[in-house]
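Step one of this worksheet: look at the structure below.
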Amino acid sequence: MSKIPMTTPIVEMDGDEMTRVLWSMIKDILICPYVDLKTEYYDLGLPNREATGDQVTVDAANANLKYGVSVKCATITPNAQRMEEYKLSKMWKSPNATIRAILDGTVFRRPILVKGIDPYVRSWKKPITIARHAYGDIYKSTELRAAAGSRAELVVTAPDGSVQRADIQNFKGDGIVMGMHNTDASIASFAHACFKFALEAREDLWFGAKDTISKTYDHRFKDIFAEIYEKDYKAAFEAAGIEYFYTLIDDVVARVMRSEGGFIWACKNYDGDVMSDMVATAFGSLGMMSSVLVSPNGAWEYEAAHGTVTRHYYKHLKGEATSTNSVATIWAWTGALRKRGELDGNAELMAFADRLEKATIDTIESGVMTGDLVSLSTLENKRKVNSEEFLRAIASKM
């Protein structure tokens with residue numbers, strides 16, 4: 001059988017630990033036998049980030065801007081323990097934060113539903129899509145320790161030299177201080193992406209922040225969303241029979257828990273980080289969540305929404321078989337291949353992505369699944385298989 005050709009490469013960002021192992025297996029078992037795969041490869045594994053002073057992450061993000069589509073493996077964001085384990089020269093920042101800062105845009109995360117796995121929230125019948133702003137806030141913050149007796153101020157110097165000052169805290173004891181920012185342009189891109197995605201999906205859009213407390217920072221998000229909605233999208237939303245509304249983040253959380261799903265939940269950066277994990281877990285598993293970053297520059301970055309599965313990796317290093325869920329990583333590849341096909345007018349590549357996703361769902365619904373899903377599934381004929389057996393079962397469905 002001749003392989004499906006590709007004309008333009010996908011930017012491939014390899015990662016760390018067990019997800020790196022799965023990455024190679026997915027390519028070898030599910031993609032390369034069928035597709036003449038073309039990628040521009042970047043190794044974002046922590047040892048190579050250390051060796052390149054993290055320049056490889058910047059290069060990969062810029063390559064994404066050049067080629068339009070990337071697929072990213074899960075990567076380690078080092079803490080003090082990881083610094084010692086990997087003998088790092090510094091505590092490198094999150095690769096995702098670096099990439100998102102360069103690409104800007106919005107991350108859309110949506111649960112992958114299969115028969116036999118019911119959401120923990122009984123009322124949820126349809127997927128809930130998290131639309132996460134991907135720039136600024138705590139991920140681009142500056143932090144300092146403050147000794148007892150210190151005075152912390154917020155200072156903004158205008159282009160004409162005028163200065164705004166505001167007291168933060170006079171520290172009677174030791175403490176900490178953090179400064180974070182966002183930009184009107186990035187918030188506007190976030191709003192446009194959310195409104196366009198809602199119209200395409202024909203689903204309501206909910207947005208929540210804390211403008212009652214953050215009367216300048218969060219209120220700016222609220223105002224920009226409202227201005228753009230009224231000017232550019234209100235008529236289209238009404239014609240499509242869908243709704244946009246803003247409310248406080250705590251009210252949104254309460255509404256989400258009472259809902260049946262089937263809407264898009266727009267979140268600021270940190271809120272989206274936390275709530276996407278909550279939604280994924282409540283629908284069944286972090287391994288069953290698709291994730292794509294949509295950049296206003298026309299770039300698309302597909303990734304798994306979970307971490308590097310460290311515990312399984314240590315078992316793998318001992319030669320023990322693992323039963324690691326690879327579905328979210330498969331969806332990263334299918335999303336990137338489908339988008340590459342769409343941009344290049346390659347219908348064969350798009351159809352292949354659809355078939356691979358269907359084969360994966362059919363495999364799980366036939367009762368063959370990894371350990372995390374076995375514990376959740378209500379199917380009577382379910383059977384736990386190891387990581388490679390699961391991928392080969394999908395290949396047999398192809």
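Predicted model only: the values in this text are computed from it and were never measured.
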### Message
Taking atom NZ as the centre, does Lys140 end up with more than 12 heavy-atom neighbours from other residues, nucleotides or ligands that are less than 6.0 angstrom away?
### Response
no
### Query
Quick check: are there more than 12 heavy atoms from other residues, nucleotides or ligands sitting under 6.0 Å from CD of Glu320?
yes
#### Entry: Criterion salt bridge (charged side-chain N to carboxylate O under 4.0 Å, His left out) on Asp211 and Lys215, from CA distance to verdict
CA-CA 5 Å; Asp211 63 284; Lys215 300 180 187 298; over 6 Å; no
Would you call [X] and [Y] a salt bridge, using N to O less than 4.0 angstrom?
X: Lys210; Y: Asp250; result: yes
X: Asp54; Y: Lys93; result: no
X: Lys358; Y: Asp354; result: no
X: Glu389; Y: Arg392; result: no
X: Glu50; Y: Lys90; result: no
X: Arg340; Y: Glu12; result: no
X: Arg49; Y: Asp16; result: yes

Exercise answer: donor-acceptor pairs, residues 175-186 side-chain atoms, under 3.5 Å, sequence neighbours excluded:
| residue | atom | partner | partner atom | Å |
| --- | --- | --- | --- | --- |
| His181 | NE2 | Tyr135 | OH | 2.8 |
| Asn182 | ND2 | Tyr135 | O | 3.0 |
| Asn182 | ND2 | Asp137 | OD1 | 3.0 |
| Thr183 | OG1 | Ser186 | N | 3.1 |
| Asp184 | OD1 | Arg220 | NE | 3.2 |
| Asp184 | OD2 | Arg220 | NE | 3.4 |
| Asp184 | OD2 | Arg220 | NH2 | 2.8 |
| Ser186 | OG | Asp104 | OD1 | 2.7 |
| Ser186 | OG | Asp104 | OD2 | 3.4 |
| Ser186 | OG | His133 | NE2 | 2.9 |

Contact between [X] and [Y] at the side-chain level, heavy atoms closer than 4.5 Å - yes or no?
X: Glu348; Y: Pro5; result: yes
X: Asn62; Y: Lys66; result: no
X: Thr19; Y: His306; result: yes
X: Trp331; Y: Glu357; result: yes
X: Ile364; Y: Val327; result: yes
X: Thr77; Y: Pro95; result: yes
X: Met369; Y: Lys382; result: yes
X: Thr129; Y: Trp265; result: no

### Task
Report the C-alpha separation of Asp167 and Arg151 in whole Å, then their side-chain angles, then the decisive distance to 0.1 Å, and conclude whether the salt bridge (charged side-chain N to carboxylate O under 4.0 Å, His left out) test is met.
CA-CA 8 Å; Asp167 286 337; Arg151 178 188 178 193; 3.0 Å; yes
### Summary
Residue pairs meeting side chain to side chain donor-acceptor pair (under 3.5 Å), one or both in residues 193-206, sequence neighbours left out, come to Arg110-Glu203
### Task
Can you run down the side chain to side chain donor-acceptor pair (under 3.5 Å) pairs that involve residues 113-127, sequence neighbours left out, and say none if there aren't any?
Lys126-Glu260
### Message
With side chain to side chain contact (heavy atoms under 4.5 Å, CB included) as the criterion, how do Ser326 and Leu391 come out once you've worked through the C-alpha distance, each side chain's angles and the decisive distance to 0.1 Å?
### Response
CA-CA 8 Å; Ser326 53; Leu391 296 176; 3.3 Å; yes
In the hydrophobic clustering (ILVMFWY, side-chain contacts below 4.5 Å, transitive), which residues join [X], or is it alone?
X: Met91; answer: Leu46, Ile76, Met83, Tyr86, Leu88, Trp92
X: Val156; answer: none
X: Met350; answer: none

Do [X] and [Y] have a side chain donor and acceptor closer than 3.5 Å?
X: Ser162; Y: Asp160; result: yes
X: Thr324; Y: His312; result: yes
X: Thr370; Y: Ser323; result: no

Looking at [atom1] of [X] and [atom2] of [Y], how far apart are the two atoms once the value is rounded to the nearest 0.5 Å?
X: Ser290; Y: Ile330; atom1: OG; atom2: CD1; result: 13.0 Å
X: Ile10; Y: Asp344; atom1: CD1; atom2: CG; result: 9.0 Å
X: Asp372; Y: Ile117; atom1: CG; atom2: CD1; result: 7.5 Å
X: Lys72; Y: Asp14; atom1: NZ; atom2: CG; result: 10.0 Å
X: Arg132; Y: Cys194; atom1: CZ; atom2: SG; result: 13.0 Å

Enumerate the residue pairs fulfilling ring pair (Phe, Tyr, Trp, His ring centres under 6.0 Å) with a member in [range], sequence neighbours excluded, ordered by first and then second residue.
range: residues 1-22; result: none
range: residues 353-378; result: none
range: residues 97-117; result: Phe108-Phe197
range: residues 38-72; result: none

### Residue that, paired with Glu84, satisfies side-chain hydrogen bond (donor to acceptor under 3.5 Å, both in side chains) out of Lys87, Gln81, Arg82
Lys87
### Query
Please walk me through it: do Lys339 and Glu342 pass salt bridge (charged side-chain N to carboxylate O under 4.0 Å, His left out)?
CA-CA 5 Å; Lys339 179 56 65 174; Glu342 177 187 322; 3.1 Å; yes
Distance-minimising heavy-atom pair for [X] and [Y]:
X: Asp218; Y: Ala209; answer: OD2-CB, 3.5 Å
X: Ala336; Y: Val71; answer: CB-CB, 3.8 Å
X: Ser291; Y: Ala305; answer: CB-CB, 4.2 Å
X: Ser189; Y: Thr106; answer: O-OG1, 4.5 Å

### Query
Is a donor on one side and an acceptor on the other found under 3.5 Å between the side chain of Asp43 and the backbone of Gly45?
yes
### Message
The criterion is side chain to side chain donor-acceptor pair (under 3.5 Å); which residues satisfy it with Tyr34, sequence neighbours excluded?
### Response
none
### Message
For Met13, run the side chain to side chain contact (heavy atoms under 4.5 Å, CB included) check against Thr39, Asn64, Thr75, Val56 and tell me which one passes.
### Response
Asn64
### Task
Check each of Phe190, Tyr233, Phe207 against Phe195 using the ring pair (Phe, Tyr, Trp, His ring centres under 6.0 Å) test, and report the only one that passes.
Tyr233
### Task
Write out all pairs satisfying salt bridge (charged side-chain N to carboxylate O under 4.0 Å, His left out) with one or both partners inside residues 233-244, taking only residues at least two apart or from two chains.
Glu230-Lys234
